[in-house]
Amino acid sequence: MSSGNIGQQLQDQWNDVVGRIATKQMFQSDWDIAAFVIFFAFIGLILLLILLVVIRCFCCCCCDCESQVDKRKYTQKVGVDNLAMEP
């Protein structure tokens, strides 16, 4: 492949994009619209999860999360003895 051929392909694609913008017809079919919606829904979900992680990190850094957790030490045995495990 020569650089002139690649340059011509890029020029053709650029002209196609500019032509679609000019005619206000960005998508050729309903499948293009569906793919666009699914892609941006996926990107939005990823950004939302990243935002939630950042909020969680800042919340734990600002307010001491360890002091808010109720740390009960059980003095009594909780549960039932499994006598089948005894030798």
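Computed over heavy atoms, backbone and side chain alike; hydrogens, waters and symmetry mates excluded.
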Does Trp14 reach the side chain of Leu10, with side-chain heavy atoms less than 4.5 Å apart?
no
Is the backbone N or O of Gln11 less than 3.5 Å from a side-chain atom of Asn15, with the two atoms forming a donor-acceptor pair by type?
yes
Are Trp31 and Phe42 connected, step by step, through hydrophobic side chains (Ile, Leu, Val, Met, Phe, Trp, Tyr) whose heavy atoms are closer than 4.5 Å?
no
Any side-chain heavy atom of Asp12 within less than 4.5 Å of one from Gln8?
yes
So for atom CG, which belongs to Asp30, do other residues, nucleotides or ligands contribute more than 12 heavy atoms lying within a distance under 6.0 Å?
no
Side-chain heavy atoms nearer than 4.5 Å, only ILVMFWY residues, links allowed to pass through others: does that put Ile38 and Leu47 together?
no
Check for me, please, whether Ile46 and Ile55 land in the same ILVMFWY cluster - side-chain distances under 4.5 Å, paths through other members count.
no
Side chain to side chain, Asn5 and Gln9, heavy atoms closer than 4.5 Å
yes
Should Ile43 and Phe36 be counted in the same cluster of Ile, Leu, Val, Met, Phe, Trp and Tyr side chains packed under 4.5 Å apart?
yes
Has Asn82 got a side-chain atom pairing as donor or acceptor with Ala84's backbone, closer than 3.5 angstrom?
yes
Cluster link Phe39 to Ile33, ILVMFWY, side chain under 4.5 Å:
yes
